[in-house]
Amino acid sequence: MEILVRFLSLYMYLFIQSFTSDFALAEDQPILSPEKIVELKKGVFEIVSPKSEDLGVVYAEPLPVDILPLAGARAQYNVIGNAFHIGKGLFLSAAHIFSVELPSQASTYAIRSVDGNIFPIKKFLRYSQYRDVVLFNLTNNPQDLKPLKLELNAEIGTQVYSVVSDLGEGIVFRQGKMVSRPYEPYEGGWRNIRFSAPALPGNSGGPLLNASGKVVGVITRKPSNESLNYALPVSELGAIPSNMAEFYYKGMTESESGNTLTDDWKFETKLPASHSELSQIAQQSLMDQLDASRQQFINKHGKEIFPLHPGVNTYLRSQVQSDLPGVVELNGGRWQFNRLRWQFVKLDDERKFFFDKKKIGVRFDLVIDKPSDIGAQNYLNDPKRVHDLILQKLGYYREVANRKIKITSVGESYKSIIHQDSYERRWLINIWRVIYNNSSFILACHPLPSSLACLWQSINTSQESGSLYNLKLSMNKRVIPYSGSVADWEQYYQADQSWVPSFLRNGNVKSKEGVVDVQLGNWNSKVLLPDMNQQSMIYVPIEYRVENPQQLVVAGLKIFPFKDRRIGYAASEMFQPLVGSSRHHRDTWQSVESKKAPYDGKVVSNQKNKTLYLIQPSKQSEMNINKKTMWFCYSKNKIAVKELEKNCTFFKSGFMQGDAPTH
C-alpha cells in the first residue's frame, strides 16, 4: 500500500509539473526577495463569498456601521480562506473552507486577486475532506496568472513562509520554521507538516513556501491548544482520488444512558461538481449515516436505554405530575423527572412566557401562552410572531463597535418541517438563518389548548443538521402536560385534529350551568361543580404508560373553577411501589393501604386550607399491577367542611358514571 501511495504521489507531482513550462528546480534562497514576493503574490488568492444584507433582521436601534473600518462590516465580501494556482487554471485550497458535508449560508464562492478582481469558482475537480485539500477551476481565469512551483521534499528545520490573507487587507508573507512531521492522527497514513510561521483563522488553504518560493504544503489548521500550525505536504496530493470527492469521519459516537456505539462515515462520489451539487450529495450521505448509526445503536442497546431500560419500571410507578413540561433523565443510576428551573415573564394580565433558567447549552425549553383572540394552532402557524417574541423576551444581541444592539426580529423562517415524535406528538419546526454571523435558529413547537410547548436554540449554521437530529431525539424524553380553560379545550377539539396526539384524540370538554363534562383518554367525568364556567381551568397530566412505556396516556385530571386556584379537584392513579422505589413512594403507599391520615377519608384543616383524599382500588392493570385511584380536593377559602365533602363526593361520583380509569 505504501509503494502505491508513493507511486501516486510521484504521478501527481509529474502531472502538476506538466502545467508549466518554467517548472525548473532552483536552488533554495536564504530569504525571499521583494521582487520574488511580488511575483509569488500573483499566484495566491483570497477565497471570498459575497456579503448580503439580512433584510429580515430588525434592530432596536440603528447599527453604528459608519464607525467600522472598510474591511469590516462595510466590505462587499467575506474572506474565508486562501487558494493558490498550480498551473493550467487549477487551484489548490483546504477542503474545510467549503465543508460541503455541513450546512452553510454561503452558496457562491470566488477567488479575489491581489488587485481586487473577483473570479467565481466553477467546479470541484478533486475533493478530500479526509486530507483537507481541494482542487478546483474557475469560470474565467485572471489574465496575469502565475503558477506556484511545488517541492515534494520537506525537511524539519527548513525555513518556511505562510502566505495568507491579512484579515481582508491583502496577501502577506510570514516567516517561520518547519518544526516537526507528525503522523496523520486517524490512520497514520502520512506525515503532516507542523510549522511556526504565523497563521490565523481564515488563513487555511494558503501555500506554505520554502525559502526558494516553492510550495511544500497546503495550510490546513491551527490547533486550539498550541501556537504552531499544520499543513498537508504536497507530496500527499497524489493520493487524492482522480475526479472524486472523498469523506472520512472517524469515531462518530452514539451515546445514551451509559451506552456507546462508535461508527465511521466513509463516502465517495464522482466529480466534477459545483459546490451546491456536491453539498447536496454529501449532506444527504452524512444524514443517512447518522440514521444508520442510530438504528444500529437501537438494535444493540435498545433495551438498555429509555424507555425499555429495566430501571425505568421503578420510575413508571412513581411519575411526577407537573403543570409545566419536564425531562426524563438518568441521574445517579435512577430514572427521574427533571422539573427544569422554570421562571416566567408576564406578556399581559392573562398571558405568561415561561422559560427554563437551567438551559441545556444553547437550548431553551419554553411554554408560551397563546393570544386570547386566536387558537393555539393558528398561533403555531405564525412562526415569525412567535419567534419575534422569543428574541425579545430572552434577549438576543449583535455586537457592533463594542456596542450590543438588540435584535427584535430575524424575519420569516427559511424552512418549515412537520415532525412527529415517537409518541405521536406533532411538532412544527422552523429554521431561521442570519447571515452576519452565520448562525441559525431552530424553533420546534407543539400546540396545547392554551399555549405552545417549544424547544428553541441558537447555533452556528454548520451545526444545523446535527442539532436538528439531536433535537428530534430529545423530544421523546419530554413529558408535556396539556392545560387550558374550558373555552380553550373546546377550541382545541374544533381545530385540526391531526395536531391532537392519539392519547387525546376523540376527546371532549364542555361546561354548562356548572356541569363539567370531560372525556379525555380513559378519564371520563360528568359532574356538577359549583362556580364552573368557560374560564375554569382543566389540567391534564400525561405519563408514560406503566404497562408499555412506548406509549403516553392521560394520567388524570385537575380542575380549578377559578384561575387563582383557591379551589381545586384532582384525580389520578397510584401504583404499588417496587423494591427500588423511593422511600417517599413506599411510605405513601403504606399510609394509603393502612388508611392513615390524610388518606382516611376525612377532611384535614389548617390555617391555610382544607384538604380531602378519597381513595379506592382500581381495576388490575394488564400486567396485574396493584393500583389505586385517588381523588384529591382542597379549598383555600373558608368553605365549610361539609361543602368540601359534598363537592368532592360529587367529583368522585362523576367518574363512576363513565368508564373506570385505567392506565
Side-chain angles (χ1 to χ4, degrees), residues 317-324 337 339 342 481 483-486 511 513-518 520 523-533 535-541 543 554-577 581-618 626-658 660-661:
R317 296 195 184 200
S318 58
Q319 297 180 64
V320 175
Q321 295 185 1
S322 173
D323 292 345
L324 287 169
F337 177 82
R339 290 180 179 272
W342 289 103
S483 63
S485 67
V486 172
S511 179
E513 297 178 353
V515 176
V516 59
D517 187 353
V518 177
L520 295 170
W523 293 83
N524 303 318
S525 173
K526 187 174 183 180
V527 63
L528 173 65
L529 290 176
D531 303 311
M532 286 296 295
N533 57 64
Q535 300 308 311
S536 297
M537 298 297 295
I538 298 178
Y539 288 77
V540 179
E543 294 181 355
V554 175
L557 294 173
K558 297 180 182 179
I559 299 177
F560 303 97
F562 304 100
K563 283 196 172 183
D564 62 7
R565 299 192 180 192
R566 60 182 182 268
I567 299 176
Y569 307 93
S572 63
E573 285 185 325
M574 183 179 184
F575 292 84
Q576 183 176 15
S581 297
S582 68
R583 185 179 184 87
H584 173 74
H585 187 190
R586 298 196 307 270
D587 290 347
T588 302
W589 180 265
Q590 181 61 38
S591 296
V592 169
E593 286 276 72
S594 61
K595 296 183 180 181
K596 181 180 178 180
Y599 307 108
D600 55 359
K602 298 178 181 180
V603 174
V604 177
S605 300
N606 56 37
Q607 293 180 347
K608 294 183 179 180
N609 52 48
K610 299 179 178 70
T611 60
L612 174 62
Y613 289 90
L614 299 176
I615 298 171
Q616 72 177 41
S618 298
N626 191 10
K627 60 180 181 177
K628 299 180 185 298
T629 303
M630 179 182 296
W631 287 266
F632 169 66
C633 309
Y634 77 93
S635 172
K636 292 184 178 180
N637 60 9
K638 297 180 180 180
I639 186 173
V641 170
K642 288 187 177 181
E643 186 175 355
L644 179 62
E645 289 177 334
K646 180 182 70 173
N647 292 341
C648 202
T649 302
F650 277 154
F651 179 60
K652 176 178 178 292
S653 64
F655 287 94
M656 302 308 292
Q657 296 171 10

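Since the structure is predicted, the reported quantities are computational estimates derived from the model, not experimental observations.
Between Phe655 and Leu557 there is a side-chain heavy-atom pair separated by less than 4.5 Å. In this structure the side chain of Tyr599 reaches within 4.5 angstrom of the side chain of Thr588, judged on heavy atoms. Contact of the Met574 side chain with the His585 side chain is registered, since non-hydrogen atoms from C-beta on lie closer than 4.5 Å. Met630 has its side chain within reach of Tyr613: a pair of non-hydrogen atoms, C-beta onward, lies under 4.5 Å apart. Annotation: side chain of Val516 is not in contact with side chain of Ser536 (no heavy-atom distance under 4.5 Å). Side-chain contact between Lys628 and Trp589 is present, with at least one heavy-atom pair separated by less than 4.5 Å.
Here the straight-line distance linking atom OG of Ser485 with atom CD of Gln535 works out to 5.0 Å at 0.5 Å rounding. If you take CG on Leu644 and CD1 on Ile567, they are separated by 8.5 Å, rounding to the nearest 0.5 Å. Considering CD1 of Ile538 and CE of Met532, their distance stands at 5.0 Å, rounded to 0.5 Å. Taken from OG in Ser525 to CG in Asp517, the straight-line distance is 8.0 Å, to the nearest 0.5 Å. Note that CG of Leu612 is 11.5 Å distant from OG of Ser635, once rounded to the nearest 0.5 Å. If you take CZ on Phe651 and CG on Leu614, they are separated by 10.0 Å, rounding to the nearest 0.5 Å.
Here the closest heavy-atom approach between residue Gly568 and residue Phe560 is recorded as CA-CD2, 3.7 Å.
In this structure, the side chain of Lys610 does not engage the main chain of Val641 through any donor-acceptor pair within 3.5 Å. Using modelled atom types, no side-chain atom of Asp531 and backbone atom of Leu529 make a donor-acceptor pair closer than 3.5 Å. At least one donor-acceptor pair under 3.5 Å links the side chain of Arg317 to the backbone N or O of Gln576.
The aromatic rings of Phe632 and Tyr634 sit parallel to each other, their planes meeting at less than 30°, with 60° as the upper class boundary.
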Exercise for the section: Quick one: do Glu543 and Glu573 satisfy side-chain contact (heavy atoms from CB on, under 4.5 Å)? Show the steps, please. Expected result: CA-CA 11 Å; Glu543 294 181 355; Glu573 285 185 325; over 6 Å; no

Exercise for the section: Determine, step by step, whether Cys633 and Asn647 satisfy the side-chain contact (heavy atoms from CB on, under 4.5 Å) criterion, reporting the C-alpha distance in whole Å, the side-chain angles of both residues, the deciding distance to 0.1 Å, and the verdict. Expected result: CA-CA 8 Å; Cys633 309; Asn647 292 341; over 6 Å; no

Practice task
Please step through side-chain contact (heavy atoms from CB on, under 4.5 Å) for the pair Val540 and Trp523, ending with a clear verdict.
Solution key: CA-CA 10 Å; Val540 179; Trp523 293 83; over 6 Å; no

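No more than 12 heavy atoms of other residues, nucleotides or ligands lie within 6.0 Å of NZ in Lys602, so this atom counts as exposed by the packing criterion.
Side-chain contact of Lys558 with Gln321: a donor-acceptor pair under 3.5 Å is absent, judged by distance alone.
Between Asp323 and Arg565 there is a salt bridge, with a side-chain nitrogen of the basic residue lying less than 4.0 Å from a carboxylate oxygen of the acidic one.
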